[in-house]
Amino acid sequence: MELQDLFLTPFYLGIFYAIAFAVRKKATNAFTRKYFIPALTAKFVGAIALGLIYQFYYHGGDTYNYFNHVKVIFNAFTTSPSVGLKLIFSHGEYDPATANYAAQMEWYTAPKEFSVIRIAAICGLFCFNTYTVIGLMFAGLSFSGMWAMFLTFVKIKPLIYKSLATAVFFIPSVFFWGSGLMKDSLCMGALGWLFYAFYQGAIQKKRPTQSLIIGFLAAYLLFAVKVYILLSFLPPALLWVFNENSQRIKDPTIRMLAKPILFGLGGAVAFFATTRLTAGDAQYDVTKIGERSKITADYLYQTSIKEGGSAYHIGELDGTLTGMAKLAPQAIIVSLFRPFLFEARNPVMLLSAIEATFFLFFTLRIFWRVGVGKTLRYISSTPVLSLCFVFSLIFAVAVGVSTSNFGTLVRYKIPLIPFYVSGLYILENISIPKKTKRPPRRVVVSRPQLTPAS
């Protein structure tokens, strides 16, 4: 951050809030309106805090690596706009006109990282390439999708809109790591829009063209930046759609016959989509996921040990999908409920440990009050709960197995948190009857009878 950030950030914040107040009426109703500005503010605070933490606590990191690349593109653009635009829309190819600038960018040939750099560079053109303002723009993009996620949950369960607002917007790790100049900001926004598009287009059957466009753009962004989020979300989302539609069949006999067919079709479509999306990808090809997970986990573990970081070990990976499946229970526990409080080694880990303790307490509380068997029946019979928990568990296994470092895990796992916590609130709402206040009992006081004196 530089002096430029100090002067330009308040000015652009004023512009962004003016836009927010202008669109709030169309994007909200009487119940959700009061959360719009506070939720956006949480994202802005997260974006600014992320920059400060990386500068003064970590002394560098991914967010500043992205910005250093953006600086190169901005310098190229100020020298020659045509060269700058060539860099923005390049795909790692060699071009004599851009070679001098491309040589200064380590991630020029890294498509996933350069997708983030490309978007940040476009944002930089509108704010004099100011780091904090670019971070606020990323926070705004993330907020747009998370607001769509919130509205979707509210349409499904309107009575618990207050709890859903907490689950989506106000969990610290989500608005901190999911804002600012990072991959995670774009991915959280895209995931929210994809969830919205599935619900509006495939379940509500409204605005099919709009839903298709939104869904395609959101899925493409996830594919370009973090395809494993898309791979984890598509199967439960497709099964959610088939489950919702099968429940609308009124005839119980036809519904019973159609349900396995719809489930089978949904599973087949999900499997085909996930395998075709990653075919030939050196990192995320389904046939190589086990091998890549082992390489990533071993690297992060050894690096964390050498640097005295927050490493964890859940078992030996053998580089196969079967090996990953064997470690699934440990991976779910570490992703959802760790680090434990006694494992916290620094302030960032302590915040994550407090969150994880809340998730553990909330989960055990529901199991205790409802019962394990009844809880599982509610989840299997309620389509949105199936989506929330199946996605959360799949994603928990994916990041828990391949990370081996709590510092990295706290950032990687944020896509599952809004779904998991929203699922817990919805489950609590439908499974635990609310105590109704009884009207005060009327006490009838009989008057003493006076007997005549004898």
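- A donor and an acceptor atom, one from each side chain of W193 and S144, are located under 3.5 Å apart.
- Between F138 and V116 there is a side-chain heavy-atom pair separated by less than 4.5 Å.
- Within 6.0 Å of atom CZ in F358, more than 12 heavy atoms from other residues, nucleotides or ligands are found, so the atom counts as buried in its surroundings.
- The side-chain heavy atoms of M182 and R411, taken from C-beta on, include a pair separated by under 4.5 Å.
- For T28 and Y35, the side-chain atoms include no donor-acceptor pair closer than 3.5 Å.
- Checked against the 6.0 Å centroid criterion, the rings of Y131 and Y66 do not qualify as a close aromatic pair.
- Residues W240 and F391 have side chains not in contact (no heavy-atom distance under 4.5 Å, counting atoms from C-beta outward).
- Listed by chain and number, the residues in a ring pair (Phe, Tyr, Trp, His ring centres under 6.0 Å) with F16 amount to none (sequence neighbours excluded).
- Under the 6.0 Å cut-off for aromatic ring centres, F153 and F195 qualify, their centroids lying closer than that.
- Between I117 and V70, the shortest heavy-atom contact is O-CG2, 4.0 Å.
- Around atom CD of E106, no more than 12 heavy atoms belonging to other residues, nucleotides or ligands sit under 6.0 Å away.
- Note on residues 374-397: no pairs pass salt bridge (charged side-chain N to carboxylate O under 4.0 Å, His left out), not counting sequence neighbours.
- Under the rule for a side-chain contact (heavy atoms from CB on, under 4.5 Å), the partners of P172 that lie at least two apart in sequence or sit in another chain are F175, E355.
- Residues passing the side-chain contact (heavy atoms from CB on, under 4.5 Å) test with L350 are L341, A344, I354, sequence neighbours excluded.
- Within the 4.5 Å cutoff, no side-chain heavy atoms of V227 are placed close to those of L222.
- Listed here is the closest heavy atom pair of F36 and V23: CZ-CG2, 4.0 Å.
- Of all heavy-atom pairs between S179 and G46, the closest is CB-C, 3.9 Å.
- The shortest heavy-atom contact between V168 and S422 is CG2-OG, 4.1 Å.
- Nearest heavy-atom pair, G180 versus L50, reported as atom, atom and distance to 0.1 Å: CA-CD2, 4.4 Å.
- Residues satisfying the ring pair (Phe, Tyr, Trp, His ring centres under 6.0 Å) criterion with Y378, sequence neighbours excluded, are absent altogether.
- Ring-centre distance between F169 and W147: below the 6.0 Å cut-off.
- The side-chain contact (heavy atoms from CB on, under 4.5 Å) test applied to S392 returns L416, F419, Y420, not counting sequence neighbours.
- Residues F233 and F395 keep their aromatic ring centres 6.0 Å or farther apart.
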